[in-house]
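So you know, we letter chains A, B, ... as the sequences are listed, proteins then strands, and number each from 1.
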2 protein chains.
Amino acid sequence: MDTPENVEDAVEVLQKLGLNEYEAQCFVGLTRLNTGTAKKLSELTDVPRTRVYDAIRVLEVWGLVEIQHSSPQQFRAVPLEEAIATLRGQYEGYVERLHDALDTVDVVEEDDESPVQQIWAMSGQTAIENRAAQLIKKATDEIVLVIGDESLLTENLVDTLNEVDDDIDLIIGTLTEPLQEQVRAVVPDATTFVSGLEWLHGESTTENKTSIGRLLLIDRSTILVSSILPDTKKEQAIFGEGFGNGLVVIARRIMAHGLIPARDPQ
Amino acid sequence: MDTPENVEDAVEVLQKLGLNEYEAQCFVGLTRLNTGTAKKLSELTDVPRTRVYDAIRVLEVWGLVEIQHSSPQQFRAVPLEEAIATLRGQYEGYVERLHDALDTVDVVEEDDESPVQQIWAMSGQTAIENRAAQLIKKATDEIVLVIGDESLLTENLVDTLNEVDDDIDLIIGTLTEPLQEQVRAVVPDATTFVSGLEWLHGESTTENKTSIGRLLLIDRSTILVSSILPDTKKEQAIFGEGFGNGLVVIARRIMAHGLIPARDPQ
DNA sequence: ATGTTTGTAATTCTCTCAGTGACAATAGGG
DNA sequence: CCCTATTGTCACTGAGAGAATTACAAACAT
């Protein structure tokens, strides 16, 4: 059996979206066929013929396939654009329901807010990007951002940066000059520099090169530092708030030293 | 333990989005707490304390909670708007990946297209609505739509109807006059009528009232008929294409008879 | 009529998940 | 400094979903 890589990709994604293996394979199989019977499908994919029927029924409920109740039964996938629209609609619906539900619940009585050293860890590209966006929007005086990896300069981030008020200092550093050029091109209003922090390029320790992700300092009182795990490529971050926060203090000190070569635009 | 209904709702939705029970409960629990420890969480929810840690780790990878690595560890949920944005981004990403993958795969060699009676069954609100939208967009001459249930007159449907070209006959029927008024209000360009088909109001057979959903006839050659299951409220449809299609023929005949009381606007 | 195809159902094995308890490490108070 | 309650990690169990296979009855073609 042939299994083009795109097919495997699609199957994988469909499973993340909640289908099981048979269902995912059947759907992808059907998108490759104008119309198909259980037999054809089981030949094209590696779903046992006798289990195609169950899978199709589930797919039908999802709104992803149509069934012709003849004998033998014929199946066909809903046109791609329709299928995508249906899935979008489905998840948009869930997300909205969640939003509503959580909006109207929230907060149980709370005693004391601990005033101490708060350093929080989070992970995940999307989540960290969202947090960064929130912080940037909240800034009132100064934004210092160092981008350690090209892959982090996403469309979303660029949009957020370009929405920053004119009277806020926006300073963006990179680890390499090519990346600096890229930043200049897409965020013209920012002051850019190439970071003097060579250690950011990766630990010299043997193999395990943890590379820097981003470094974001807002109004000298809130800091977000992320790194990218070498194996999984997943992004991890730590996050501290408050002028007196230990992490923020260190960050300011780093800034004062090597981070920005000349304190003003080069 | 108290469990406000919204909490249960949220937990349910989160599970549909791919979290397991503990993870869902922990997240909802954390949104009710500014910050919490494993113990607090296990008291608020009914997640065993010893399993809170696993759940939180997963949530952290999803980008939904932050962890403070102190002792005891502190957890807190990402702000609601951030969480929603993260989930949206996640699923949007999946859907796009799926779109791309399927776009570049498609079609295996195909022999014959069966020219016969094709009547397809599909189900699901969203899917049927999407299909209806596609059909309406493809119409060139005439659109006849009968709406059997108020719940089907969604925003999406109204939008689609209002985008119809002026030179296409747009005829919309309802089962009741109040609903007709509603339609007139939101789709002013349509010719409306109240259907003469009393049997649409529900089978007289004992209990099992299957009520009509929608009935859509495009250019007298494509038909979509849906019904709403009385117990589950789920929508089911059958769909036929081609002027000679048996279902379409029947549909035309019904039209000629009782469906539209006076063939022209009343 | 008969042999093949088609659809349903039951069965096995595996793996995840819900739920629980054992145990070492770690506070924090006397 | 010691003792005890708290905290974090693991390992285990039973139940249920999913993957894979087989048996069998209904429908079909020749």
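Nucleotide D:dA19 holds its P atom 11 Å from the CG atom of A:Leu19, rounded to whole Å. Rounded to whole Å, atom C1' of D:dT7 lies 15 Å from atom NE2 of B:His69. Following rounding to the nearest Å, B:Gln15 (CD) and D:dA17 (P) show an atom-to-atom distance of 13 Å. As a whole-Å value, the separation of A:Arg49 CZ from C:dT8 C1' is 10 Å. We find that CD of B:Gln74 is positioned 16 Å from P of D:dT6, with the value rounded to whole Å. Atom C1' of nucleotide C:dT20 and atom CG of B:Asp54 are separated by 13 Å, given to the nearest angstrom. One can place OH of A:Tyr53 at 21 Å from P of D:dG18, the figure rounded to the nearest angstrom. Atom CD in B:Glu23 sits about 10 Å away from atom C1' in C:dC17, given to the nearest Å.
Figure legend: cation-pi geometry between A:Arg252 and A:Phe243, with NZ or CZ positioned under 6.0 Å from the six-membered ring centre and within 45° of its axis.
Note: A:Tyr91 and B:Tyr91 have parallel aromatic rings, judged against thresholds of 30 and 60 degrees for the angle between ring planes.
With C:dT6, D:dG8, D:dT21 as the candidates, the nucleotide lying closest to the side chain of A:Thr50 is D:dT21. Relative to the side chain of A:Glu21, the nucleotides D:dA20, D:dT7, C:dT20 differ in distance, and D:dA20 lies closest. For B:Arg57, counting side-chain heavy atoms from C-beta on, the closest listed nucleotide (D:dG8, D:dT9, D:dT6) is D:dT9. Closest to the side chain of A:Ala38, out of C:dG19, D:dT21, C:dG7, is C:dG7. Listed nucleotides D:dA20, D:dT7, C:dA18 differ in distance to B:Asn20; the shortest reach to its side chain belongs to C:dA18.
Judged as a salt bridge (charged side-chain N to carboxylate O under 4.0 Å, His left out), the pairs with a partner in residues 64-86 of chain B (not counting sequence neighbours) are, in order, A:Arg131-B:Glu66, A:Arg131-B:Glu82, B:Glu66-B:Arg76.
For the residue pair B:Glu241/B:Thr222, the side-chain donor-acceptor check at 3.5 Å is not satisfied. With hydrogens and angles left out, the side-chain atoms of B:Thr35 and B:Gln74 include a donor and acceptor closer than 3.5 Å. Side-chain contact annotation: A:Gln118 with A:Asn245, donor-acceptor N/O pair under 3.5 Å absent. Counted by atom type alone, A:Thr154 and A:Asn156 present zero donor-acceptor pairs between their side chains at under 3.5 Å. In the model, A:Gln15 has no side-chain atom that pairs as donor or acceptor with a side-chain atom of A:Asn20 under 3.5 Å.
Of the two residues near DNA chain C, A:Gln73 and A:Arg51, the one whose nearest nucleotide lies more 5' is A:Gln73.
The terminal axes of the helix from C:dA1-D:dT30 to C:dG30-D:dC1, fitted over 5 pairs per end, subtend an angle of 10° to the nearest 10°.
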Identify each atom pair where a protein N or O and an N or O of nucleotides 26-30 of chain C are less than 3.5 Å apart, giving names and distance.
none

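The side chain to side chain contact (heavy atoms under 4.5 Å, CB included) with A:Ile223 is formed by just one residue from the set A:Leu216, A:Ile218, A:Val248, A:Ile238; it is A:Val248.
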